[in-house]
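Counting starts at 1 for both ligands and their atoms, in listed order. These numbers come from a predicted model, not from an experiment.
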Amino acid sequence: MDTRTTSSDIAPDLPLAARLFAQLRQDNDALHGPDTGITRDTYGAGEERAHALMAQTARTLGLEVRNDAACNLYLTLPGRDRAAPVVMTGSHLDSVPRGGNYDGAAGVVAGLAVLAGWVAAGVQPECDVTVMAVRAEESAWFPVSYIGSKSAFGLLPAEALEILRLDTRRSLREHLQACGGRVADIAAGQAHLGAAAIDCFLELHIEQGPVLVEAGEPLGVVTGICGSLRYRHARVLGEYAHSGATPRSHRHDAVVALAEVITRLQQDWADMEAAGAELTLTIGQVSTDAAQADISKVAGLVTFSVDIRSRSTASLQRMEAHLLSAVRQAEARHGVRFELGERTGSQPAQMDAGLQDALAAAMEAMQLPHRRLPSGAGHDAALFANQGIATAMLFVRNAHGSHNPDEAMDLQDFGAGTQVLARVMAQRAGLR
Ligand SMILES: [Zn+2]
(Lines give C-alpha, C1' and ligand atoms only; values in the text may rest on other atoms or scores of the structure.)
Protein backbone atom coordinates (compact mmCIF):
# COMPACT_ATOMS: atom_id res chain seq x y z
CA MET A 1 0.00 0.00 0.00
CA ASP A 2 1.18 3.49 -0.81
CA THR A 3 1.81 5.16 2.52
CA ARG A 4 2.44 8.63 1.13
CA THR A 5 -0.12 11.28 1.89
CA THR A 6 -2.66 11.55 -0.89
CA SER A 7 -3.50 15.01 -2.10
CA SER A 8 -7.17 14.67 -1.23
CA ASP A 9 -6.19 14.09 2.43
CA ILE A 10 -4.77 17.58 2.70
CA ALA A 11 -7.41 20.18 3.40
CA PRO A 12 -6.73 23.75 2.30
CA ASP A 13 -6.55 26.15 5.26
CA LEU A 14 -10.02 27.66 4.87
CA PRO A 15 -10.00 29.46 8.24
CA LEU A 16 -6.89 31.30 6.98
CA ALA A 17 -8.78 32.19 3.79
CA ALA A 18 -11.70 33.58 5.81
CA ARG A 19 -9.29 35.68 7.90
CA LEU A 20 -7.60 37.03 4.77
CA PHE A 21 -10.91 38.06 3.17
CA ALA A 22 -11.91 39.79 6.42
CA GLN A 23 -8.54 41.54 6.67
CA LEU A 24 -8.71 42.69 3.05
CA ARG A 25 -12.11 44.25 3.77
CA GLN A 26 -10.86 45.83 7.01
CA ASP A 27 -7.79 47.28 5.26
CA ASN A 28 -10.05 48.74 2.57
CA ASP A 29 -12.38 50.29 5.14
CA ALA A 30 -9.40 51.82 6.94
CA LEU A 31 -8.42 53.58 3.69
CA HIS A 32 -11.82 54.52 2.32
CA GLY A 33 -14.32 54.16 5.15
CA PRO A 34 -17.04 51.50 5.36
CA ASP A 35 -19.94 51.12 2.91
CA THR A 36 -18.04 52.53 -0.07
CA GLY A 37 -17.33 49.22 -1.79
CA ILE A 38 -13.81 47.89 -2.26
CA THR A 39 -11.18 50.08 -3.95
CA ARG A 40 -7.79 48.43 -4.36
CA ASP A 41 -6.31 50.87 -6.83
CA THR A 42 -3.63 49.67 -9.25
CA TYR A 43 -0.13 50.74 -8.07
CA GLY A 44 -1.79 52.75 -5.32
CA ALA A 45 -2.54 52.45 -1.62
CA GLY A 46 -5.30 49.83 -1.98
CA GLU A 47 -3.32 47.35 -4.07
CA GLU A 48 -0.14 47.97 -2.05
CA ARG A 49 -1.86 47.07 1.18
CA ALA A 50 -3.31 43.85 -0.24
CA HIS A 51 0.14 42.83 -1.52
CA ALA A 52 1.69 43.54 1.87
CA LEU A 53 -0.94 41.35 3.55
CA MET A 54 -0.27 38.39 1.24
CA ALA A 55 3.52 38.75 1.52
CA GLN A 56 3.31 38.88 5.32
CA THR A 57 1.04 35.81 5.39
CA ALA A 58 3.44 33.90 3.15
CA ARG A 59 6.41 34.77 5.39
CA THR A 60 4.51 33.49 8.41
CA LEU A 61 3.95 30.22 6.50
CA GLY A 62 7.69 30.01 5.69
CA LEU A 63 7.21 30.46 1.94
CA GLU A 64 9.76 32.22 -0.27
CA VAL A 65 8.64 35.74 -1.13
CA ARG A 66 9.84 37.48 -4.30
CA ASN A 67 8.93 40.49 -6.43
CA ASP A 68 9.68 41.23 -10.07
CA ALA A 69 10.33 44.58 -11.75
CA ALA A 70 6.60 45.32 -11.96
CA CYS A 71 6.07 44.43 -8.26
CA ASN A 72 4.18 41.24 -9.05
CA LEU A 73 4.43 39.02 -5.99
CA TYR A 74 5.59 35.36 -6.04
CA LEU A 75 4.99 33.16 -2.97
CA THR A 76 6.76 29.83 -3.36
CA LEU A 77 6.79 26.49 -1.57
CA PRO A 78 10.11 24.97 -2.72
CA GLY A 79 9.97 21.54 -4.30
CA ARG A 80 12.49 18.67 -4.22
CA ASP A 81 13.75 19.52 -7.70
CA ARG A 82 14.16 23.26 -7.82
CA ALA A 83 15.03 23.19 -11.50
CA ALA A 84 11.79 21.46 -12.52
CA PRO A 85 9.04 23.52 -14.22
CA VAL A 86 6.94 25.35 -11.64
CA VAL A 87 3.27 24.78 -10.90
CA MET A 88 1.70 28.23 -10.67
CA THR A 89 -1.62 29.53 -9.46
CA GLY A 90 -2.88 33.01 -8.67
CA SER A 91 -4.84 36.03 -9.80
CA HIS A 92 -4.82 39.79 -9.26
CA LEU A 93 -5.27 41.86 -6.09
CA ASP A 94 -6.39 45.16 -7.59
CA SER A 95 -10.08 45.98 -7.98
CA VAL A 96 -12.12 48.49 -9.95
CA PRO A 97 -13.15 51.65 -8.04
CA ARG A 98 -15.94 50.71 -5.61
CA GLY A 99 -15.78 47.07 -6.61
CA GLY A 100 -16.16 43.91 -4.53
CA ASN A 101 -13.86 41.95 -2.24
CA TYR A 102 -13.53 38.78 -4.33
CA ASP A 103 -12.80 39.67 -7.98
CA GLY A 104 -9.15 38.77 -8.20
CA ALA A 105 -8.35 38.34 -4.51
CA ALA A 106 -10.18 34.99 -4.34
CA GLY A 107 -7.57 33.40 -6.63
CA VAL A 108 -4.63 34.56 -4.52
CA VAL A 109 -6.28 33.63 -1.23
CA ALA A 110 -7.17 30.18 -2.62
CA GLY A 111 -3.56 29.53 -3.62
CA LEU A 112 -2.28 30.55 -0.19
CA ALA A 113 -4.91 28.36 1.52
CA VAL A 114 -3.71 25.37 -0.53
CA LEU A 115 -0.03 25.96 0.33
CA ALA A 116 -0.87 26.60 4.00
CA GLY A 117 -2.58 23.18 4.06
CA TRP A 118 0.50 21.53 2.56
CA VAL A 119 2.86 23.32 4.97
CA ALA A 120 0.74 22.20 7.93
CA ALA A 121 0.76 18.62 6.60
CA GLY A 122 4.55 18.77 6.23
CA VAL A 123 4.56 17.60 2.60
CA GLN A 124 7.03 18.72 -0.05
CA PRO A 125 6.05 18.78 -3.74
CA GLU A 126 8.38 17.47 -6.46
CA CYS A 127 8.62 20.90 -8.10
CA ASP A 128 8.30 24.47 -6.83
CA VAL A 129 4.71 25.61 -6.38
CA THR A 130 4.16 29.36 -6.66
CA VAL A 131 1.19 31.59 -5.88
CA MET A 132 1.40 34.74 -8.01
CA ALA A 133 -0.36 37.94 -6.96
CA VAL A 134 -0.55 39.80 -10.25
CA ARG A 135 -0.48 43.59 -10.46
CA ALA A 136 -2.69 45.88 -12.51
CA GLU A 137 -5.24 43.53 -14.04
CA GLU A 138 -8.16 45.98 -13.94
CA SER A 139 -7.91 48.40 -16.87
CA ALA A 140 -10.22 50.85 -15.03
CA TRP A 141 -7.04 52.59 -13.76
CA PHE A 142 -4.58 52.46 -16.64
CA PRO A 143 -6.27 51.79 -20.02
CA VAL A 144 -3.94 48.89 -20.91
CA SER A 145 -4.76 45.21 -20.55
CA TYR A 146 -2.71 42.83 -18.36
CA ILE A 147 0.04 45.29 -17.31
CA GLY A 148 1.29 43.03 -14.50
CA SER A 149 1.40 39.72 -16.35
CA LYS A 150 2.74 41.28 -19.55
CA SER A 151 5.58 42.86 -17.56
CA ALA A 152 6.35 39.51 -15.91
CA PHE A 153 7.01 38.03 -19.36
CA GLY A 154 8.90 41.12 -20.56
CA LEU A 155 6.06 41.94 -22.96
CA LEU A 156 4.87 45.37 -21.82
CA PRO A 157 5.68 47.91 -24.56
CA ALA A 158 7.99 50.61 -23.14
CA GLU A 159 5.60 53.37 -24.27
CA ALA A 160 2.92 51.97 -21.93
CA LEU A 161 5.01 53.38 -19.05
CA GLU A 162 3.96 56.88 -20.08
CA ILE A 163 0.23 56.16 -19.96
CA LEU A 164 -1.59 58.16 -17.28
CA ARG A 165 -3.72 56.67 -14.54
CA LEU A 166 -7.23 57.91 -15.29
CA ASP A 167 -7.89 59.39 -11.84
CA THR A 168 -4.48 60.66 -10.66
CA ARG A 169 -3.21 61.75 -14.12
CA ARG A 170 0.20 60.42 -13.03
CA SER A 171 2.04 58.05 -15.37
CA LEU A 172 2.43 54.30 -14.92
CA ARG A 173 6.16 55.02 -14.61
CA GLU A 174 5.58 57.34 -11.62
CA HIS A 175 3.16 54.94 -9.94
CA LEU A 176 5.52 52.00 -10.44
CA GLN A 177 8.49 53.93 -9.03
CA ALA A 178 6.44 54.94 -5.98
CA CYS A 179 5.78 51.22 -5.34
CA GLY A 180 9.47 50.29 -5.75
CA GLY A 181 9.15 48.99 -9.31
CA ARG A 182 12.18 48.84 -11.63
CA VAL A 183 10.96 50.70 -14.70
CA ALA A 184 14.26 50.43 -16.60
CA ASP A 185 14.01 46.62 -16.51
CA ILE A 186 10.41 46.77 -17.76
CA ALA A 187 11.34 49.20 -20.55
CA ALA A 188 14.19 46.87 -21.55
CA GLY A 189 11.72 43.98 -21.83
CA GLN A 190 13.46 41.99 -19.10
CA ALA A 191 11.40 38.85 -18.36
CA HIS A 192 10.98 37.38 -14.88
CA LEU A 193 8.90 34.46 -16.18
CA GLY A 194 9.53 32.19 -19.16
CA ALA A 195 7.13 29.62 -20.60
CA ALA A 196 9.70 26.80 -20.52
CA ALA A 197 10.12 27.11 -16.75
CA ILE A 198 6.37 26.91 -16.03
CA ASP A 199 4.50 23.60 -15.87
CA CYS A 200 1.04 25.17 -15.73
CA PHE A 201 -0.97 28.16 -14.53
CA LEU A 202 -4.30 27.75 -12.73
CA GLU A 203 -6.54 30.69 -11.85
CA LEU A 204 -9.51 30.44 -9.53
CA HIS A 205 -11.86 33.42 -10.01
CA ILE A 206 -15.45 34.32 -9.19
CA GLU A 207 -17.84 34.02 -12.09
CA GLN A 208 -18.79 37.52 -13.24
CA GLY A 209 -21.98 36.47 -15.01
CA PRO A 210 -25.15 34.69 -13.84
CA VAL A 211 -24.63 31.18 -15.30
CA LEU A 212 -23.62 29.25 -12.16
CA VAL A 213 -26.11 31.04 -9.88
CA GLU A 214 -28.95 30.27 -12.30
CA ALA A 215 -27.82 26.66 -12.70
CA GLY A 216 -27.60 26.22 -8.92
CA GLU A 217 -24.03 24.91 -9.27
CA PRO A 218 -21.06 26.05 -7.17
CA LEU A 219 -18.21 25.68 -9.72
CA GLY A 220 -17.51 25.79 -13.44
CA VAL A 221 -14.56 24.89 -15.68
CA VAL A 222 -13.62 27.68 -18.10
CA THR A 223 -13.20 26.65 -21.74
CA GLY A 224 -11.70 29.86 -23.11
CA ILE A 225 -11.27 33.55 -22.43
CA CYS A 226 -12.67 36.23 -24.68
CA GLY A 227 -10.39 38.72 -26.32
CA SER A 228 -11.51 42.27 -26.90
CA LEU A 229 -11.33 44.93 -29.54
CA ARG A 230 -12.04 48.45 -28.34
CA TYR A 231 -12.31 52.02 -29.44
CA ARG A 232 -12.37 54.05 -26.22
CA HIS A 233 -12.46 57.53 -27.74
CA ALA A 234 -14.41 57.40 -31.00
CA ARG A 235 -16.31 60.41 -32.33
CA VAL A 236 -18.61 61.60 -35.07
CA LEU A 237 -18.06 65.08 -36.49
CA GLY A 238 -21.14 66.64 -38.07
CA GLU A 239 -22.27 70.24 -38.24
CA TYR A 240 -24.13 72.26 -35.65
CA ALA A 241 -27.23 73.92 -37.17
CA HIS A 242 -30.52 75.51 -36.10
CA SER A 243 -33.11 72.84 -35.36
CA GLY A 244 -35.98 74.81 -36.84
CA ALA A 245 -34.29 76.47 -39.79
CA THR A 246 -32.29 73.54 -41.21
CA PRO A 247 -34.17 71.21 -43.58
CA ARG A 248 -33.48 67.48 -43.42
CA SER A 249 -31.58 67.49 -46.70
CA HIS A 250 -29.12 70.09 -45.36
CA ARG A 251 -28.26 68.40 -42.08
CA HIS A 252 -25.01 66.71 -41.07
CA ASP A 253 -26.43 65.24 -37.88
CA ALA A 254 -23.87 63.37 -35.78
CA VAL A 255 -26.53 61.78 -33.53
CA VAL A 256 -28.53 60.36 -36.43
CA ALA A 257 -25.38 59.04 -38.15
CA LEU A 258 -24.28 57.23 -34.99
CA ALA A 259 -27.79 55.90 -34.35
CA GLU A 260 -27.79 54.35 -37.83
CA VAL A 261 -24.41 52.73 -37.23
CA ILE A 262 -25.57 51.27 -33.91
CA THR A 263 -28.82 49.95 -35.41
CA ARG A 264 -27.00 48.32 -38.30
CA LEU A 265 -24.42 46.71 -36.00
CA GLN A 266 -27.20 45.22 -33.85
CA GLN A 267 -28.47 43.49 -37.01
CA ASP A 268 -24.96 42.36 -37.99
CA TRP A 269 -24.49 40.95 -34.48
CA ALA A 270 -27.78 39.04 -34.66
CA ASP A 271 -26.83 37.69 -38.12
CA MET A 272 -23.43 36.53 -36.87
CA GLU A 273 -25.05 34.80 -33.89
CA ALA A 274 -27.57 33.10 -36.17
CA ALA A 275 -24.58 31.78 -38.15
CA GLY A 276 -23.10 30.30 -34.96
CA ALA A 277 -20.64 33.00 -33.84
CA GLU A 278 -20.28 33.92 -30.16
CA LEU A 279 -19.50 37.55 -29.43
CA THR A 280 -20.72 40.68 -27.65
CA LEU A 281 -20.94 44.25 -28.90
CA THR A 282 -21.41 47.18 -26.51
CA ILE A 283 -21.63 50.91 -27.16
CA GLY A 284 -21.35 51.81 -23.48
CA GLN A 285 -20.69 55.54 -23.76
CA VAL A 286 -22.46 58.04 -26.02
CA SER A 287 -22.34 61.80 -25.39
CA THR A 288 -22.98 65.05 -27.17
CA ASP A 289 -20.77 67.97 -26.16
CA ALA A 290 -22.39 69.45 -23.04
CA ALA A 291 -20.89 72.88 -23.78
CA GLN A 292 -22.30 73.13 -27.31
CA ALA A 293 -25.25 70.77 -27.72
CA ASP A 294 -28.70 72.20 -27.23
CA ILE A 295 -32.32 71.16 -27.64
CA SER A 296 -32.60 73.65 -30.50
CA LYS A 297 -29.46 72.53 -32.37
CA VAL A 298 -28.64 69.71 -34.75
CA ALA A 299 -25.75 67.89 -33.05
CA GLY A 300 -22.33 68.61 -34.54
CA LEU A 301 -20.35 66.23 -32.35
CA VAL A 302 -20.95 62.90 -30.61
CA THR A 303 -18.33 60.91 -28.73
CA PHE A 304 -18.79 57.18 -28.15
CA SER A 305 -17.04 53.95 -27.20
CA VAL A 306 -17.05 50.50 -28.81
CA ASP A 307 -16.31 47.24 -26.98
CA ILE A 308 -16.35 43.96 -28.96
CA ARG A 309 -15.54 40.65 -27.23
CA SER A 310 -15.23 37.10 -28.47
CA ARG A 311 -13.28 33.89 -27.94
CA SER A 312 -12.66 33.89 -31.70
CA THR A 313 -10.19 36.24 -33.35
CA ALA A 314 -12.11 35.76 -36.63
CA SER A 315 -15.34 36.99 -35.00
CA LEU A 316 -13.58 40.04 -33.55
CA GLN A 317 -12.23 40.88 -37.01
CA ARG A 318 -15.58 40.23 -38.69
CA MET A 319 -17.44 42.59 -36.35
CA GLU A 320 -14.77 45.23 -36.82
CA ALA A 321 -15.24 44.93 -40.58
CA HIS A 322 -18.99 45.44 -40.07
CA LEU A 323 -18.26 48.52 -37.95
CA LEU A 324 -16.01 50.05 -40.61
CA SER A 325 -18.54 49.34 -43.35
CA ALA A 326 -21.43 50.86 -41.32
CA VAL A 327 -19.28 53.93 -40.62
CA ARG A 328 -18.48 54.43 -44.32
CA GLN A 329 -22.16 54.12 -45.22
CA ALA A 330 -23.24 56.64 -42.55
CA GLU A 331 -20.52 59.07 -43.63
CA ALA A 332 -21.75 58.94 -47.21
CA ARG A 333 -25.41 59.31 -46.27
CA HIS A 334 -25.05 62.15 -43.78
CA GLY A 335 -21.91 64.02 -44.82
CA VAL A 336 -20.35 63.48 -41.40
CA ARG A 337 -16.90 62.17 -40.48
CA PHE A 338 -16.16 59.36 -38.04
CA GLU A 339 -12.86 59.33 -36.15
CA LEU A 340 -12.59 56.00 -34.36
CA GLY A 341 -9.31 56.90 -32.66
CA GLU A 342 -6.88 54.47 -31.12
CA ARG A 343 -7.82 50.78 -31.15
CA THR A 344 -6.89 48.71 -28.09
CA GLY A 345 -7.67 45.13 -27.23
CA SER A 346 -6.49 41.73 -26.10
CA GLN A 347 -6.09 38.29 -27.66
CA PRO A 348 -8.64 35.52 -26.99
CA ALA A 349 -7.23 32.40 -25.33
CA GLN A 350 -8.12 28.69 -25.23
CA MET A 351 -7.79 26.80 -21.96
CA ASP A 352 -5.77 23.55 -21.88
CA ALA A 353 -7.95 20.50 -22.58
CA GLY A 354 -6.05 18.19 -20.19
CA LEU A 355 -6.29 20.66 -17.31
CA GLN A 356 -10.00 21.20 -18.00
CA ASP A 357 -10.49 17.43 -17.74
CA ALA A 358 -8.42 17.29 -14.53
CA LEU A 359 -10.56 20.01 -12.94
CA ALA A 360 -13.75 18.24 -14.07
CA ALA A 361 -12.48 14.91 -12.68
CA ALA A 362 -11.69 16.53 -9.32
CA MET A 363 -15.20 17.99 -9.23
CA GLU A 364 -16.70 14.62 -10.10
CA ALA A 365 -14.68 12.96 -7.33
CA MET A 366 -16.24 15.46 -4.92
CA GLN A 367 -19.68 14.68 -6.37
CA LEU A 368 -20.02 18.16 -7.77
CA PRO A 369 -21.54 18.95 -11.18
CA HIS A 370 -18.86 19.99 -13.66
CA ARG A 371 -20.27 22.47 -16.10
CA ARG A 372 -17.98 24.04 -18.69
CA LEU A 373 -18.42 27.66 -19.71
CA PRO A 374 -16.51 30.43 -21.48
CA SER A 375 -15.27 33.58 -19.77
CA GLY A 376 -16.65 36.76 -21.29
CA ALA A 377 -14.28 38.88 -19.21
CA GLY A 378 -10.51 39.01 -19.63
CA HIS A 379 -8.11 37.42 -17.12
CA ASP A 380 -4.34 37.13 -16.68
CA ALA A 381 -4.77 33.42 -17.48
CA ALA A 382 -5.26 34.49 -21.13
CA LEU A 383 -1.77 35.99 -21.18
CA PHE A 384 -0.26 32.77 -19.76
CA ALA A 385 -2.18 30.61 -22.27
CA ASN A 386 -0.99 32.75 -25.17
CA GLN A 387 2.63 32.15 -24.08
CA GLY A 388 2.00 28.45 -24.80
CA ILE A 389 1.69 27.54 -21.10
CA ALA A 390 -0.91 24.91 -20.12
CA THR A 391 -3.51 27.10 -18.44
CA ALA A 392 -6.92 26.60 -16.85
CA MET A 393 -9.49 28.58 -14.90
CA LEU A 394 -12.01 27.54 -12.31
CA PHE A 395 -15.06 29.76 -11.74
CA VAL A 396 -16.75 29.99 -8.34
CA ARG A 397 -20.45 30.89 -8.17
CA ASN A 398 -21.01 34.53 -7.27
CA ALA A 399 -24.27 36.47 -7.09
CA HIS A 400 -24.81 40.01 -8.43
CA GLY A 401 -21.92 39.93 -10.95
CA SER A 402 -18.61 41.64 -10.25
CA HIS A 403 -17.07 45.12 -10.37
CA ASN A 404 -19.59 46.26 -7.77
CA PRO A 405 -19.81 46.22 -3.96
CA ASP A 406 -22.51 43.52 -4.00
CA GLU A 407 -20.30 40.64 -5.18
CA ALA A 408 -21.49 37.70 -3.10
CA MET A 409 -19.38 34.56 -3.04
CA ASP A 410 -20.37 31.90 -0.52
CA LEU A 411 -17.33 30.76 1.49
CA GLN A 412 -18.61 27.20 1.19
CA ASP A 413 -18.45 27.43 -2.61
CA PHE A 414 -15.00 28.98 -2.29
CA GLY A 415 -13.97 26.06 -0.07
CA ALA A 416 -15.13 23.53 -2.67
CA GLY A 417 -13.30 25.44 -5.41
CA THR A 418 -10.11 25.62 -3.35
CA GLN A 419 -10.27 21.86 -2.71
CA VAL A 420 -10.63 21.22 -6.46
CA LEU A 421 -7.72 23.57 -7.12
CA ALA A 422 -5.65 21.76 -4.45
CA ARG A 423 -6.26 18.36 -6.06
CA VAL A 424 -5.15 19.47 -9.51
CA MET A 425 -2.16 21.39 -8.13
CA ALA A 426 -1.17 18.31 -6.13
CA GLN A 427 -1.34 16.10 -9.22
CA ARG A 428 0.77 18.48 -11.27
CA ALA A 429 3.29 18.98 -8.45
CA GLY A 430 3.72 15.26 -7.80
CA LEU A 431 1.89 15.00 -4.47
CA ARG A 432 -0.16 11.87 -4.91
ZN1 LIG B 1 -10.68 39.71 -12.01
Side-chain angles (χ1 to χ4, degrees), residues 17 20-21 24-25 28 37-44 46-47 50-51 54 70 72-73 88-112 131-152 201-213 219-222 224-228 230 280 307 309 311 345-349 351 373-386 391-409 413-414 417-418 421:
L20 288 173
F21 285 131
L24 282 169
R25 194 177 288 281
N28 175 79
I38 301 289
T39 303
R40 290 193 279 265
D41 52 326
T42 293
Y43 294 118
E47 189 187 53
H51 274 252
M54 299 307 159
N72 294 301
L73 182 62
M88 292 188 71
T89 188
S91 193
H92 60 98
L93 288 177
D94 59 333
S95 76
V96 298
R98 297 189 171 228
N101 204 25
Y102 303 115
D103 181 346
V108 179
V109 171
L112 271 177
V131 178
M132 181 177 178
V134 186
R135 290 276 183 168
E137 193 271 347
E138 297 290 3
S139 54
W141 304 99
F142 294 97
V144 182
S145 59
Y146 310 140
I147 290 172
S149 45
K150 275 179 187 163
S151 300
F201 182 78
L202 300 159
E203 183 170 2
L204 176 147
H205 200 282
I206 57 169
E207 197 214 346
Q208 295 166 279
V211 175
L212 294 173
V213 169
L219 304 173
V221 178
V222 175
I225 299 172
C226 285
S228 65
R230 291 166 148 185
T280 59
D307 173 284
R309 299 187 188 216
R311 273 190 295 152
S346 59
Q347 290 289 316
M351 298 294 95
L373 73 172
S375 171
H379 297 286
D380 291 303
L383 204 281
F384 279 80
N386 286 330
T391 299
M393 282 194 81
L394 180 62
F395 272 169
V396 179
R397 170 168 56 186
N398 161 63
H400 315 305
S402 82
H403 291 189
N404 72 68
D406 300 324
E407 282 176 6
M409 178 188 70
D413 292 349
F414 173 81
T418 305
L421 180 72

Considering the Zn ion (ligand 1), could you give the total of protein N/O/S atoms lying closer than 2.8 Å?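 Those protein atoms number 3 in total.
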Whether the H92 and D380 side chains hold a donor-acceptor pair (N or O, under 3.5 Å, no angle test) is what I'd like checked.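 Their side chains do not contain a donor-acceptor pair, so the 3.5 Å distance test is not met.
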Under a plain distance cut-off of 3.5 Å, with no hydrogens placed, do S91 and E203 share a side-chain donor-acceptor pair?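 Their side chains do contain a donor-acceptor pair, which is all the 3.5 Å distance test asks for.
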Compare all side-chain heavy atoms of Y43 with those of F142 and state whether any distance is below 4.5 angstrom.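 The answer is yes; the side chains approach within 4.5 Å.
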Could you pull out all residues at least two apart from N101 that satisfy side chain to side chain donor-acceptor pair (under 3.5 Å)?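 For N101, the residues satisfying side chain to side chain donor-acceptor pair (under 3.5 Å) (neighbours in sequence not counted) are R40.
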For the atom pair CZ (F384) and CE (M88), what is the distance rounded to the nearest 0.5 Å?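 Between atom CZ of F384 and atom CE of M88 there are 4.5 Å.
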Within the 6.0 Å centroid threshold, strictly below: F21 and F414: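 F21 vs F414: aromatic centres under 6.0 Å.
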